[in-house]
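Step one of this worksheet: look at the structure below.
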Amino acid sequence: MFRINDNFCKLAESYLFSEVARRINAFKQSHPDADVIRMGIGDVTLPLCGAAVKAMHEAVEEEAGGATFHGYGPEQGYPFLREAIAENDYRQRGIEISADEIFVSDGAKSDTGNIGDILAMSNKVAVTDPVYPVYVDTNVMGGRAGEFGQDGCWNGVIYLPVTAVNGFVPQLPAQVPDVIYLCYPNNPTGSTITKDELQSWVDYALKVGAVIIYDAAYEAYISEDNVPHTIYECKGAKGCAIELRSFSKNAGFTGTRLGFAVVPMDLKCKGVSLNSLWARRHGTKFNGVPYIIQRAGEAVYTEEGQTQTKAQVAYYMNNAKVIYDGLKEAGYTVSGGVNAPYIWLKTPDKMSSWEFFDYLLDKANVVGTPGSGFGPSGEGYFRLTSFGSYENTVRAMERIRAL
């Protein structure tokens with residue numbers, strides 16, 4: 001008889017955001033006239049920028065002609081997009097990343113989960129806590145997490161608390177990991193680390209022989225000078241780090257799906273190139289992102305595209321300021337919202353994060369995300385996103401202040 005991957009059975013029955021959706025739907029059924037404002041899931045609301053839409057229309061027209069039709073493309077991504085990424089995201093910052101080190105994908109979430117395919121099951125994994133659930137869940141699926149304990153932790157995972165006590169900056173662990181997941185600007189806390197702080201992690205990884213999986217999905221939201229836009233700003237990072245990027249939050253591609261991973265040629269394990277391994281995995285399991293979407297991605301890097309996407313980022317960051325200021329005025333303890341579209345607040349009156357979720361939904365008809373869904377150190381905290389409309393953001397803060 002066939003067998004299943006028993007590791008999947010260790011996971012909770014529903015993904016965090018599936019549970020959020022379930023509770024909203026139940027509330028809507030019992031309160032059909034309620035005007036619910038959703039500030040939980042990090043989905044953008046502004047339409048795609050004009051430059052990307054124009055590029056897609058032109059690409060569709062190409063697909064309608066025999067001489068210009070595109071079928072299967074290169075799995076790693078079309079050269080025009082990979083070169084645009086290398087030039088704009090790296091070379092213009094003085095960092096030499098070649099197109100051969102860039103792998104275009106359908107989003108950073110997919111790459112986050114799939115990167116484990118080229119890593120041994122025996123690797124010891126370290127994650128910040130709280131953390132984007134995909135980092136942990138995919139390692140549970142891969143058999144690296146061990147067993148789930150009553151303390152809310154997996155006994156095979158090294159947790160790196162990021163709390164108000166340490167300024168939301170992870171400290172180097174006592175137990176040595178093999179794989180380290182870092183996300184900055186951070187989801188869910190909205191915090192950042194300085195270049196020097198990130199350099200200490202690169203130095204540590206090189207010293208102990210670990211690989212860093214660096215999620216830079218929110219790089220476009222950085223506003224402060226001493227916050228690194230890429231881990232490759234750090235000396236030696238190409239020898240220990242894989243960087244994941246997304247077009248979802250910087251250019252609104254949540255529905256059109258586009259991202260990329262950078263796997264440097266210098267990154268090796270006992271002489272074996274991780275770039276070669278990832279290229280083999282990519283070519284075997286992935287047929288590439290549609291030509292139409294890649295042309296839209298290329299357009300994001302044009303002068304017109306950069307102007308339009310920066311305006312969108314500024315719109316969301318203005319929302320973040322409205323949320324931050326509104327919560328402060330209402331007496332909440334708040335962080336984030338400066339270099340990231342996430343605001344992290346302490347729940348009032350010692351409420352659990354799910355209790356506060358239900359309270360906010362019932363009393364203000366506002367939805368956020370319970371901090372405990374991001375890990376044990378997230379208990380007692382709550383995340384709000386700034387991706388809604390300005391009008392809804394203002395209305396949500398008015399409701400919360402009125403509680």
Side-chain angles (χ1 to χ4, degrees), residues 15 42-44 48 52 55-56 59 70-90 97-119 132-135 137-139 141-142 179 181-184 187 211-220 229-232 238 241-265 267 273-301 305 309:
Y15 181 52
D43 193 3
V44 296
L48 290 174
M56 282 196 286
H70 293 79
Y72 287 125
E75 293 94 346
Q76 193 167 333
Y78 282 97
F80 61 77
L81 178 56
R82 289 156 57 205
E83 282 293 341
I85 291 169
E87 177 62 29
N88 291 275
D89 287 329
Y90 297 101
I97 294 291
S98 71
D100 287 344
E101 295 174 306
I102 295 167
F103 296 80
V104 177
S105 71
D106 61 352
K109 182 177 182 179
S110 297
D111 287 339
T112 299
N114 293 333
I115 201 70
D117 284 4
I118 64 170
L119 301 173
Y132 181 41
V134 175
Y135 304 157
D137 287 358
T138 54
N139 277 291
M141 295 172 182
V179 182
Y181 288 81
L182 297 176
C183 172
Y184 286 98
N187 176 18
V211 61
I212 297 173
I213 310 300
Y214 193 74
D215 186 345
Y218 303 95
E219 170 273 334
H229 287 257
T230 166
I231 195 169
Y232 302 121
K238 286 198 279 188
I242 294 171
E243 183 162 284
L244 310 180
R245 293 281 193 104
S246 170
F247 283 71
S248 288
K249 304 307 193 298
N250 67 323
F253 279 50
T254 53
T256 43
R257 309 305 307 146
L258 185 64
F260 62 90
V262 178
V263 187
M265 298 292 185
L267 183 55
S273 165
L274 269 68
N275 182 284
S276 297
L277 294 182
W278 187 241
R280 186 67 172 87
R281 189 266 172 212
H282 211 65
T284 301
K285 290 190 173 184
F286 188 60
N287 266 344
V289 174
Y291 172 77
I292 296 165
I293 303 302
Q294 292 194 54
R295 279 299 185 191
E298 179 192 29
V300 167
Y301 292 106
T309 54

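Along the sequence shown, residues carry numbers from 1.
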For this session: Write down the atom of Asn114, the atom of Trp278, and the distance for their closest heavy-atom approach.
Result: O-CZ3, 3.5 Å
For this session: Specify the closest pair of heavy atoms between Ala59 and Tyr291, including all atoms of both residues, with the distance to one decimal.
Result: CB-CE2, 3.9 Å
Problem set entry | Derivation of the side chain to side chain contact (heavy atoms under 4.5 Å, CB included) call for Ile97 and Glu243 | CA-CA 11 Å; Ile97 294 291; Glu243 183 162 284; over 6 Å; no
For this session: Give the minimum heavy-atom separation between Ala261 and Leu244, together with the two atoms involved.
Result: CB-CD2, 3.7 Å
For this session: Measure from the side-chain N and O atoms of Gln76 to the backbone N and O of Ala279, and report whether any donor-acceptor pair falls under 3.5 Å.
Result: no
Exercise. For the side chain of Asn275 and the backbone of Asp100, is there at least one donor-acceptor N/O pair under 3.5 Å apart?
Worked result: yes
Problem set entry | For Ile118 against Leu277, the heavy-atom pair lying closest together | CG2-O, 3.9 Å
Exercise. Under a 4.5 Å cut-off applied to non-hydrogen side-chain atoms, are Lys285 and Asp117 in contact?
Worked result: yes
For this session: Kindly compute the distance separating CG (Asp106) from CD1 (Ile293), expressed to the nearest 0.5 Å.
Result: 11.0 Å
Problem set entry | Euclidean distance, Lys249 NZ relative to Asn187 CG, rounded to 0.5 Å | 7.5 Å
Seminar exercise, completed: Value for CZ (Phe286) from CD (Glu75), rounded to nearest 0.5 Å, stands at 9.5 Å
For this session: Start with the C-alpha distance between Val262 and Tyr90, add both sets of side-chain angles, then the distance that settles side chain to side chain contact (heavy atoms under 4.5 Å, CB included), and finish with yes or no.
Result: CA-CA 11 Å; Val262 178; Tyr90 297 101; 3.5 Å; yes
Exercise. Is there a donor-acceptor pair closer than 3.5 Å between any side-chain N or O of Glu101 and the backbone N or O of Met265?
Worked result: yes
Exercise. How close do Ala216 and His229 get, heavy atom to heavy atom, and via which atoms?
Worked result: CB-O, 4.3 Å
Exercise. Within the distance-only criterion (no hydrogens, no angle test), does the side chain of Tyr232 pair as donor or acceptor with the backbone N or O of Ala241 below 3.5 angstrom?
Worked result: yes
For this session: For the residue pair Val179 and Asn139, establish whether any side-chain heavy-atom pair is separated by less than 4.5 Å.
Result: no
Problem set entry | Minimum side-chain heavy-atom gap Arg82-Phe260 below 4.5 Å | no
Problem set entry | Separation of Cys183 SG from Tyr214 OH (nearest 0.5 Å) | 8.0 Å
Exercise. Relative to the ring of Tyr135, is the ring of Tyr181 parallel (under 30°), tilted (30 to 60°) or perpendicular (over 60°)?
Worked result: parallel
Problem set entry | Separation between OH of Tyr132 and OG1 of Thr112, rounded to the nearest 0.5 Å | 6.5 Å
For this session: Mind running side chain to side chain contact (heavy atoms under 4.5 Å, CB included) on Arg281 and Ile115 for me, showing each step along the way?
Result: CA-CA 9 Å; Arg281 189 266 172 212; Ile115 201 70; over 6 Å; no
Exercise. Roughly how far apart are Tyr184 OH and Thr230 OG1, rounded to 0.5 Å?
Worked result: 15.5 Å
Problem set entry | Member of Val289, Leu48, Val300 meeting the side chain to side chain contact (heavy atoms under 4.5 Å, CB included) criterion with Phe247 | Val300
For this session: Could you tell me which non-hydrogen atom of Ala296 sits nearest to which non-hydrogen atom of Met56, and how far apart they are?
Result: CB-CG, 3.4 Å
Problem set entry | Candidate pair Val104 and Tyr78, rule side chain to side chain contact (heavy atoms under 4.5 Å, CB included), full reasoning | CA-CA 8 Å; Val104 177; Tyr78 282 97; over 6 Å; no
